[in-house]
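In what follows, chains carry the letters A, B, and so on, assigned in the order in which the sequence lines appear, proteins first and then strands, with residues in each chain numbered from 1.
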Number of protein chains: 2
Amino acid sequence: MGLTKTEFFTESQNKTAMLLKALGHPARVAIVEHLLKVKTCVCGDIVNELPLAQPTVSQHLKELKIAGIIKGSVEGTSVCYCLDEKAFESLSAYFTNVLTDLQNQNSTCC
Amino acid sequence: MGLTKTEFFTESQNKTAMLLKALGHPARVAIVEHLLKVKTCVCGDIVNELPLAQPTVSQHLKELKIAGIIKGSVEGTSVCYCLDEKAFESLSAYFTNVLTDLQNQNSTCC
DNA sequence: ATCGTTAATCGTAATATTGCAATCAAACGA
DNA sequence: TCGTTTGATTGCAATATTACGATTAACGAT
């Protein structure tokens, strides 16, 4: 059906999945890595950095913004983007916890 | 077109996106969290833990396996699943690095 | 006012994903 | 052998995603 049954999962699981899904595309990973590399907010040059047409990039930026991964503020005629630290704090903590739990479980089966 | 232009991104970006995409669904997050919770390899009871039909679960497990997030080994008539530590080491390191870089960049714009 | 620039939105085509009923295949036990 | 159990595969319908041309909206400069 193409429709995810979100109502059967926990709030937390849905939120985690939403963040990860937003990052689950190479163009959006590239956007994040670019925002990280330039070390400051970027006003406008994101389209030039990606091998995709402007409407496509705009759409990816929108998805990242909806998921809470980037913030964007209008700056005259262009728009200023940067990463939202909260999202990465949350993801970093999530995977650190998973890894810790995993290392503590000492299973020998697989 | 529905077709991701992977050829224009780096190997690393594609690999990261693939891992994150595989985790970008609440059912697959739930599978991971279940495998973590039971503290050992799980042979078979995953279908009963999820509010989804057996073929659907089987498909999600397949995607997680292809992405390298879980391992599965046949154990007689049932199949034994567990998490692949390497994937979580990689993801944990990735987000820790992003967060560190982000905290060092001290941007005041947004 | 008009033009150029920047970025969002609309519309659409191609493809992917999600979910499940039905079916199949392999392994086990009686 | 035959039935049962377990899990994968097939086939399909509904919906989502990806990508982009065309258009639009907002701003600044001339």
Q: Can you see which heavy atom on A:L61 is nearest to which on A:I46, and at what distance?
A: CD2-CD1, 4.0 Å

Q.
Once you measure the plane-to-plane angle for A:F88 and B:F95, does it fall in the parallel (<30°), tilted (30-60°) or perpendicular (>60°) bin?
A. tilted

Q) Nearest-Å distance, NZ (A:K5) to C1' (C:dC20)? A) 8 Å

Q | Spacing of B:I46 atom CD1 relative to D:dG7 atom P, expressed in whole Å | A | 9 Å

Q: Look at the side chain of A:R28 and the backbone N and O of A:L23, then say whether any donor-acceptor pair between them is shorter than 3.5 Å.
A: no

Q: Could you say whether A:L3 or B:T6 is positioned toward the 5' end of DNA chain D, judged by the nucleotide with the nearest heavy atom to each?
A: A:L3

Q) Is the phosphate of C:dA8, meaning OP1 or OP2, less than 4.0 Å from a side-chain N or O of A:Y81? A) yes

**Q.** Whether B:S90 side chain and B:K86 backbone form a donor-acceptor pair below 3.5 Å
**A.** no

Q: For B:E75 and D:dA8, give me the distance from atom CD to atom P, rounded to whole Å.
A: 14 Å

**Q.** Exam field: side chain B:Q59 to backbone B:T56, donor-acceptor pair closer than 3.5 Å
**A.** no

Q: Examine distances only and state if a side-chain atom of A:S58 and a backbone atom of A:Q54 form a donor-acceptor pair shorter than 3.5 Å.
A: no

(Q) If we ignore hydrogens and angles and just use 3.5 Å, is the side chain of A:N14 paired with the main-chain N or O of A:T6 as donor and acceptor? (A) yes

Q: Check step by step if side chain to side chain contact (heavy atoms under 4.5 Å, CB included) holds for A:K21 and B:K21.
A: CA-CA 5 Å; A:K21 185 178 183 181; B:K21 186 179 183 181; over 6 Å; no

Q. More than 12 foreign heavy atoms under 6.0 Å from CD of B:E7: is that the case here?
A. yes

Q | Residues within residues 52-66 of chain A bordering DNA chain C, heavy-atom distance below 4.0 Å | A | A:Q54, A:P55, A:S58, A:K62

Q) Among residues 7-29 of chain A, which residues get a heavy atom nearer than 4.0 Å to DNA chain D? A) A:K21, A:H25, A:R28

**Q.** Rounded to 10 degrees, the angle between the two terminal axes of the helix from C:dA1-D:dT30 to C:dA30-D:dT1, each from five pairs
**A.** 10°

Q. Closest approach of B:A22 and B:A67, non-hydrogen atoms and distance?
A. CB-CB, 3.5 Å

Q) Between B:Q103 and B:T100, is there a donor-acceptor pair closer than 3.5 Å when you use the side chain of the first and the backbone of the second? A) no

